[in-house]
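Inspection log for the structure reproduced underneath, given as structure tokens.
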Amino acid sequence: MDSRLWALFLVFAPLSLASFGGGQVIVSDIQLQTVAVHHWFTNQEFADVFAISRAAPGPSTLIASLIGWRISGFAGAIIATLAMYVPSSTVFVLCTTMWHKHHGSPWRMAIERGLAPVAVGLVFASGVRILEAIQMSNLVLGLATVAVTTGLLYRTKINPYLLLFSVAAFYAVVFYVI
């Protein structure tokens with residue numbers, strides 16, 4: 001197997017197993033691996049690939065396929081995608097079988113309570129990494145982004161594409177007009 005394909009597998013297979021709470025929780029680790037460890041991307045290139053993966057319909061882990069494509073073409077996209085989905089899907093099927101067999105048990109409740117803060121912390125770390133990748137050094141813009149996003153998530157049911165366009169327009173005005 002080509003060394004780049006093997007490297008893609010070794011990046012995404014372990015991250016697949018760590019993706020409790022959805023694909024967004026491992027974005028910070030994907031950024032670390034692809035930018036700092038393997039030097040496949042610059043921070044800006046990673047931010048661009050991340051933005052494309054979030055704008056496209058489909059799962060948030062689509063970023064693995066895009067990275068694989070960029071690193072090794074079609075074969076890279078296939079390897080990265082399989083490495084991202086097969087390990088976690090296998091564990092999911094096994095755990096779900098056990099989970100349903102032990103409905104109402106004390107250890108099941110303990111696991112649910114214990115994993116919730118882990119997932120929240122991983123999502124937060126991913127958000128911080130993305131802000132670092134786009135070099136969000138302006139404190140006012142950073143706080144405005146957090147406030148608006150939080151408000152919109154909890155108070156409205158805005159179409160995500162309208163929200164995406166609005167945020168892009170806001171940043172275009174801030175960075176290119178002001």
Side-chain angles (χ1 to χ4, degrees), residues 1-96 111 114-139 141-146 149-150 153 160 164 167-168 171-172 174-175:
M1 180 185 282
D2 178 9
S3 64
R4 285 185 164 219
L5 294 175
W6 183 244
L8 283 167
F9 178 80
L10 291 176
V11 165
F12 289 110
L15 291 177
S16 170
L17 296 172
S19 61
F20 286 100
Q24 63 273 15
V25 302
I26 58 171
V27 170
S28 64
D29 290 319
I30 294 172
Q31 190 270 346
L32 176 70
Q33 290 291 320
T34 59
V35 175
V37 175
H38 293 284
H39 307 289
W40 291 331
F41 296 100
T42 64
N43 273 328
Q44 185 58 53
E45 290 170 333
F46 180 82
D48 293 343
V49 169
F50 175 77
I52 291 168
S53 74
R54 298 305 294 170
S60 60
T61 49
L62 173 66
I63 193 169
S65 305
L66 294 174
I67 290 169
W69 181 270
R70 172 93 188 278
I71 302 308
S72 288
F74 184 73
I78 295 297
I79 293 295
T81 302
L82 289 174
M84 179 55 70
Y85 292 108
V86 171
S88 60
S89 296
T90 303
V91 169
F92 173 77
V93 169
L94 295 173
C95 288
T96 301
I111 289 172
L115 287 179
V118 171
V120 169
L122 290 171
V123 169
F124 179 74
S126 296
V128 170
R129 276 289 188 188
I130 292 302
L131 290 175
E132 288 173 353
I134 61 171
Q135 298 171 354
M136 180 63 75
S137 58
N138 186 325
L139 181 61
L141 284 177
L143 292 175
T145 300
V146 170
T149 303
T150 303
L153 285 174
L164 181 67
V167 171
Y171 280 103
V174 169
F175 286 110

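Below, all heavy atoms of this structure are taken into account, side chains as well, without hydrogens, waters or symmetry copies.
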*Quick one: list whatever passes side chain to side chain contact (heavy atoms under 4.5 Å, CB included) with Ser89, sequence neighbours left out.*
Tyr85
*Does some side-chain heavy atom of Val49 sit less than 4.5 Å from a side-chain heavy atom of Trp40?*
no
*Separation of Ile30 CD1 from Phe41 CZ (nearest 0.5 Å)*: 10.5 Å
*In Å, rounded to the nearest 0.5 Å, how long is the span from CG of Leu15 to OG1 of Thr61?*
11.0 Å
*Does any N or O in the side chain of His39 come within less than 3.5 Å of the main-chain N or O of Ala36, such that one atom is a donor and the other an acceptor?*
yes
*Can you tell me how far CD of Gln31 sits from CD1 of Ile26, rounded to the nearest 0.5 angstrom?*
13.0 Å
*With a 3.5 Å cut-off and no angle check, do the side chains of Gln33 and Asp29 form a donor-acceptor pair?*
no
*Side chains of Phe46 and Leu32: does their closest heavy-atom pair fall under 4.5 Å?*
no
Between side-chain atoms of residues 63-82 and protein atoms elsewhere (two or more places apart, or another chain), which donor-acceptor pairs fall under 3.5 Å?
residue, atom, partner, partner atom, Å
Ser65, OG, Thr81, OG1, 2.4
Arg70, NH2, Glu45, OE2, 3.4
Thr81, OG1, Ala77, O, 2.6

_Closest contact, heavy atoms only, Leu62 versus Ser53_ = CD2-O, 4.0 Å
*Smallest separation among heavy atoms of Phe9 and Pro14, with atom names*: O-CD, 3.9 Å
*What residues, two or more places apart in sequence or in another chain, satisfy side chain to side chain contact (heavy atoms under 4.5 Å, CB included) together with Leu10?*
Trp6
